[in-house]
Amino acid sequence: MAASMGGCLVLLSCLVSPLLLLAGAVHGHPWSGLSPQFYDHSCPQAKEIVRSVVAQAVARETRMAASLVRLHFHDCFVQGCDASLLLDNSSSIVSEKGSNPNSNSARGFEVIDEIKVALETACPGTVSCADVLALAARDSTLLVGGPYWD
């Protein structure tokens with residue numbers, strides 16, 4: 001599914017309180033429009049699509065919830081939340097995804113790919129991959145009994 005990740009909008013997403021979705025970075029000041037409702041008009045079904053795919057993945061394997069939270073953590077840990085963890089290796093660089101520390105360790109990429117395919121079908125070129133990671137982590141937490149946050 002590497003092809004589905006190639007079209008991702010790799011933009012800055014922020015963790016504040018602990019989640020705010022991308023908005024302001026595209027429209028001026030980076031903090032001017034951050035809102036959990038950012039996709040309510042451009043892709044109203046985005047949250048439901050993510051929630052549905054994550055619920056199916058967690059139903060198949062409960063451990064996937066922790067794996068999706070971990071992907072989001074590792075994406076955000078170094079130099080911000082930019083979905084760089086989702087990039088595949090190229091002929092000239094080993095990506096974070098393909099690096100030795102993440103090899104056979106980071107998992108859940110196929111769930112993120114499935115979410116992105118569903119979102120691209122519903123709302124092409126709208127939802128950033130960084131936001132997909134953030135939404136998947138939030139929904140995973142809720143599905144296994146953790147707190148909800150916007």
> Looking at NE2 of His72 and OG of Ser67, how far apart are the two atoms once the value is rounded to the nearest 0.5 Å?
Replying inline: 14.5 Å

>> To the closest 0.5 Å, what do you measure between CG (Leu135) and CZ (Arg51)?
In response: 8.5 Å

>> Please find the pair of heavy atoms, one from Leu86 and one from Cys129, that lie closest to each other, and give the distance.
In response: CD1-CB, 3.7 Å

>> Running the 4.5 Å side-chain criterion over Ile, Leu, Val, Met, Phe, Trp and Tyr, what cluster does Val94 land in, apart from itself?
In response: none

> Considering all heavy atoms of both residues, which atom of Ala122 and which atom of Gln45 are nearest to each other, and what is their separation?
Replying inline: CB-NE2, 3.6 Å

>> I want to check a possible cation-pi pair here: Lys47 against Tyr39, using under 6.0 Å from ring centre and within 45° of the ring axis as the test.
In response: no

>> Please say yes or no: joined through hydrophobic side-chain contacts below 4.5 Å, possibly via intermediate residues, are Leu68 and Leu142 part of one cluster?
In response: no

> Under the criterion side-chain contact (heavy atoms from CB on, under 4.5 Å), which of Val53, Val144, Val54 is the partner of Asp139?
Replying inline: Val54

> For the hydrophobic clusters of this structure (ILVMFWY residues joined by side-chain heavy atoms under 4.5 Å, transitively), does one cluster hold both Ile112 and Val69?
Replying inline: no

> In Å, rounded to the nearest 0.5 Å, how long is the span from NZ of Lys97 to CZ of Phe109?
Replying inline: 5.5 Å

>> Let me confirm one number: the CG-CG distance from Asp131 to Leu119, rounded to the nearest 0.5 Å.
In response: 10.0 Å

> Any donor-acceptor pair under 3.5 Å linking the side chain of Arg70 with the backbone of Ser105?
Replying inline: yes

> Do you know the tightest heavy-atom contact between Ala136 and Val50?
Replying inline: N-CG1, 3.7 Å

>> If I compare all heavy atoms of Trp149 with all of Arg138, which pair ends up nearest, and what's the gap?
In response: O-CD, 2.7 Å

>> Donor-acceptor pair, distance only, cut-off 3.5 Å: does the side chain of Lys116 make one with the backbone of Val127?
In response: yes

>> If I take atom CD from residue Glu96 and atom CG from residue Asp82, how far apart are they, to the nearest 0.5 angstrom?
In response: 6.5 Å

>> To the closest 0.5 Å, what do you measure between CG (Leu133) and SG (Cys76)?
In response: 7.5 Å

> Is the backbone N or O of Glu48 less than 3.5 Å from a side-chain atom of Ser52, with the two atoms forming a donor-acceptor pair by type?
Replying inline: no

> Does any N or O in the side chain of Asp75 come within less than 3.5 Å of the main-chain N or O of Ala83, such that one atom is a donor and the other an acceptor?
Replying inline: yes

>> Could you check whether Ser95 and Asp88, counting side-chain N and O atoms only, form a donor-acceptor pair closer than 3.5 Å?
In response: no

>> The criterion is ring pair (Phe, Tyr, Trp, His ring centres under 6.0 Å); which residues satisfy it with Phe77, sequence neighbours excluded?
In response: Phe73

>> I'd like to know if the side chain of Thr126 and the backbone of Pro124 have a donor-acceptor N/O pair within less than 3.5 Å.
In response: yes

> Can you check whether Ser99's main-chain N or O pairs, donor with acceptor, with Ser103's side chain at less than 3.5 Å?
Replying inline: no

>> Considering only residues two or more places apart or on different chains, which pairs with a residue in residues 82-116 satisfy disulfide bond (SG atoms under 2.5 Å apart)?
In response: none

>> If you compare all heavy atoms of Ala57 against all heavy atoms of Val111, which two are closest, and at what distance to 0.1 Å?
In response: CB-CG2, 3.7 Å

